[in-house]
Asks: 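One structure coming up, written as structure tokens, with questions to follow.
Chain letters run A, B, ... following the sequence lines, proteins first, then strands; residues in each count from 1. Every value quoted in this text rests on a predicted model; they were computed, and no experiment measured them.
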2 protein chains.
Amino acid sequence: MRTVPTVYEVARHARVSTATVSRVLSGNDRVRPEYRERVFAAVAELGYVPSGAARDLAARRAGVLGLCFPDLVGDQDTDSDAMFWYDEIIRGMERAARRRGYALLIAACHETDDVDLVTTVAGRCDGMVVLARTVPAPELERIAGRIPVTMLAGPRTSDEAARVVDHLVVANREGARELTGHLVDVHGYTDVWFVAGPDSPDSAARFDGFQAALAERGLPVAQRPHAAGDFTTAGGRRAVAQLLADGHRPRALVCANDQTALGALTALAGAGLRVPQDVAVTGFDGIQLGQHVRPALTTATQPMRQLGEKAVSMLEERLADPTLAARLVEMPVRVDVRESCGCTSEI
Amino acid sequence: MRTVPTVYEVARHARVSTATVSRVLSGNDRVRPEYRERVFAAVAELGYVPSGAARDLAARRAGVLGLCFPDLVGDQDTDSDAMFWYDEIIRGMERAARRRGYALLIAACHETDDVDLVTTVAGRCDGMVVLARTVPAPELERIAGRIPVTMLAGPRTSDEAARVVDHLVVANREGARELTGHLVDVHGYTDVWFVAGPDSPDSAARFDGFQAALAERGLPVAQRPHAAGDFTTAGGRRAVAQLLADGHRPRALVCANDQTALGALTALAGAGLRVPQDVAVTGFDGIQLGQHVRPALTTATQPMRQLGEKAVSMLEERLADPTLAARLVEMPVRVDVRESCGCTSEI
DNA sequence: CTGAAAGCGCTTACAG
DNA sequence: CTGAAAGCGCTTACAG
């Protein structure tokens, strides 16, 4: 195998300086057409592919954005279905990044280890988005000292980190409030229960919205969730199956996320209950699967596209001005009324 | 904002050389414990995060693998559901890469443009996986001259590229052959039709397996697919709806991929036909959604995990020995018999 | 518009 | 085990 060609070879071949090669390749400088031609010819002939590392080092810019999401491994080493939600995030971020000319460097990280992986990512990108439970706070602070960091859908971390890390969240509380309100106002259900996820700020905020909706309507307000899953389908199924086994028959179930709701659907079917005729169900997030199950899931859909775009622009703003104060931005969610709440299909 | 610290600052702070700092941080060299402590202390105090670019340039290794998949945008700028399949690939590759200590650099690319993006990716990783229709052959050859490249599930490209690019494919023909055989042997259907995807080697290979199964059983063999979608749910629905509108009533439909089969399900339901009682349906790929729809989809599932692992190991082998001859590796698929073929649910 | 040369921030023989 | 120094392959003021 030949040795890999460098700018020097290209420059020599094209009989120009490396500066000219660099200018031609970056595209945005005025170079005599004749030289330009020669450079392209040399590049083609030599099969030149510029070294990203050298380029990044010299230009202090990578053209790469990073994304750390939690490492979710199911029981037998298969991906947990909580991953569906991350698929959407990855896709949304990749698209938004690409629109602005960045590639996306992704890695599933776990708070307890993987510091090397996080460093690999952080050291190689111009800015990064981290989801909750991926990077320990001290590490996060350190990284934020080097590149802009936006925490997506996560909790406010330590005070230190909060000073330097931007936060981008969705309207969890408001979404759950609307969903619950819909169940009460439109369908007249008063016996509405909440099926939580794991102990997380997202689940908590959604429960909060659930409580608010009930309180506003003068209905009795539960002080704690009636059941709790873990944001997976299996967890939701177990939680609701237990509820039913205990003899409870709520009229409607507000679930902390879509997978939990999907699990609820299965548990209810298993108990011979019809959705929405016997029990209504709502989810949260708007994963694609929710549109395909029957009954189609009524849910609060997160604006993936906009979340990605917003995350990238926040990163770019901070790249332009690193002294910016940390920001907390909340994006609205959209309530998608489908079948599982009792409304008819909108097909 | 303070200036970002470098190895030099860390070395000065720890009163050691930069070589020692580098050794401590890389972890694998024997350094006097006292020095090691001092380095870690300095790193912590300064909030040092090594520059990936400098590191890569000096070490000639990035610890990053690349993945280019096609840019799939649906009608109103939303992701086409053909993306589900890529979600699985991305996840499988991310996991396999991470297991070997790599992060994954991803970018959706389109053959006609995006050469810059491809270059961004190729220049920054140690090896890359490309899916079909993402990188033009000449560009692919050039990249393969710099880093190992594996084409996943793609066609053999130009002869030139085929010499330097490894190919990793799944048993498309065999999977379709088994699926079709199952329909005939187990369920006794003889009137089995094929709904193709777009003009692609994958769809063609699956049709080939379909034909083989029929021929082996002495049944009439169609010379061309009875209908064709485009690998999306909408395409499958349209193709099958047209078939039905034309008055055709096949007993079973072998679809080129899962989304096509999902679309078939919708079209059949729309025509008042029951699956599998009136018409049986099979898919291909094994996307997660197929397990959740009713009837659950009988399909040939691609071994995502193993595909990812295999792709990474092929890259590593070529990294170790760049002179390796180009390889073509085929991975088996697993036929998952569920409900849509007429077998009962295995819940 | 073009080139000579410094410099980006690491790692790694090489010598000790 | 440790350090001085070269070198990785680009980009970009700086001068012309």
Asks: Take atom OH of B:Y48 and atom C1' of C:dG9, then tell me their distance rounded to the nearest Å.
Replies: 7 Å
Asks: Determine whether the side chains of B:D202 and B:S200 contain a donor N or O and an acceptor N or O closer than 3.5 Å.
Replies: no
Asks: State whether B:Y102 and B:R100 meet the cation-pi test: NZ (Lys) or CZ (Arg) under 6.0 Å from the six-membered ring centroid, and within 45° of the perpendicular axis.
Replies: no
Asks: Quickly work out the B:R38 CZ to D:dG3 C1' distance and round it to whole Å.
Replies: 14 Å
Asks: Which of these nucleotides, C:dC10, D:dC10, C:dT2, is closest to any side-chain atom of B:A54?
Replies: C:dC10
Asks: Between C:dT2 and C:dA6, how far is it from one P atom to the other, in whole Å?
Replies: 23 Å
Asks: So, does A:S17 get its side chain near the phosphate of C:dG3, meaning an N or O under 4.0 Å from OP1 or OP2?
Replies: yes
Asks: Can A:V329 and A:D166 be said to form a side chain to side chain contact (heavy atoms under 4.5 Å, CB included), step by step?
Replies: CA-CA 8 Å; A:V329 176; A:D166 289 321; over 6 Å; no
Asks: Counting heavy atoms from C-beta on, name the nucleotide in D:dC8, C:dA4, C:dT11 closest to the side chain of B:R60.
Replies: D:dC8
Asks: What is the distance, to the nearest angstrom, from the CG atom on B:D56 to the C1' atom on C:dT11?
Replies: 11 Å
Asks: Which of these nucleotides, C:dA13, C:dG3, C:dG9, is closest to any side-chain atom of B:V7?
Replies: C:dG9
Asks: Which residue lies toward the 5' end of DNA chain C, B:T20 or A:R32, if each is placed at its nearest nucleotide?
Replies: A:R32
Asks: Report the residue (A:A19 or B:A19) whose heavy-atom-nearest nucleotide on DNA chain D is the more 5′ of the two.
Replies: B:A19
Asks: Between D:dC8 atom P and B:D126 atom CG, what is the distance in whole Å?
Replies: 18 Å
Asks: Show, in sequence, the C-alpha distance, side-chain angles and deciding distance for A:E316 and A:S313, and conclude whether the side chain to side chain donor-acceptor pair (under 3.5 Å) test is met.
Replies: CA-CA 5 Å; A:E316 286 186 326; A:S313 61; over 6 Å; no
Asks: Check whether any side-chain heavy atom of A:E9 sits under 4.5 Å from a side-chain heavy atom of A:H13, and report yes or no.
Replies: no
Asks: For the side chain of B:A59, starting at C-beta, report the closest nucleotide among D:dC10, C:dT12, C:dC10.
Replies: C:dT12
Asks: Have a look at B:Y35 and say if it touches a base, only the backbone sugar-phosphate, or nothing, with a 4.0 Å heavy-atom cut-off.
Replies: sugar-phosphate
Asks: Whole angstrom is fine here: how far is it from CZ in B:R23 over to C1' in C:dT11?
Replies: 9 Å
Asks: D:dC1 and D:dA5: how far apart are their P atoms, nearest whole angstrom?
Replies: 23 Å
Asks: Counting side-chain heavy atoms from CB outward, which of C:dA4, D:dC8, C:dT11 is closest to B:L57?
Replies: D:dC8
Asks: Nearest-Å distance, CG (B:L46) to C1' (C:dG9)?
Replies: 15 Å
Asks: Using Watson-Crick or G-U wobble geometry with both distances below 3.5 Å, tell me the partner of D:dG16, or none.
Replies: C:dC1
Asks: Under 4.0 Å between a side-chain N or O of A:S22 and OP1 or OP2 of D:dT11?
Replies: yes
Asks: For A:R30 and C:dT2, give me the distance from atom CZ to atom P, rounded to whole Å.
Replies: 11 Å
Asks: Send over the distance from A:L25 CG to C:dT2 P, rounded to a whole Å.
Replies: 15 Å
Asks: For D:dG3, take OP1 and OP2 only and decide whether either is under 4.0 Å from a side-chain N or O of B:Y8.
Replies: no
Asks: Return the set of residues passing side-chain contact (heavy atoms from CB on, under 4.5 Å) with A:P136 (not counting sequence neighbours), or none when no residue passes.
Replies: A:P138, A:E139
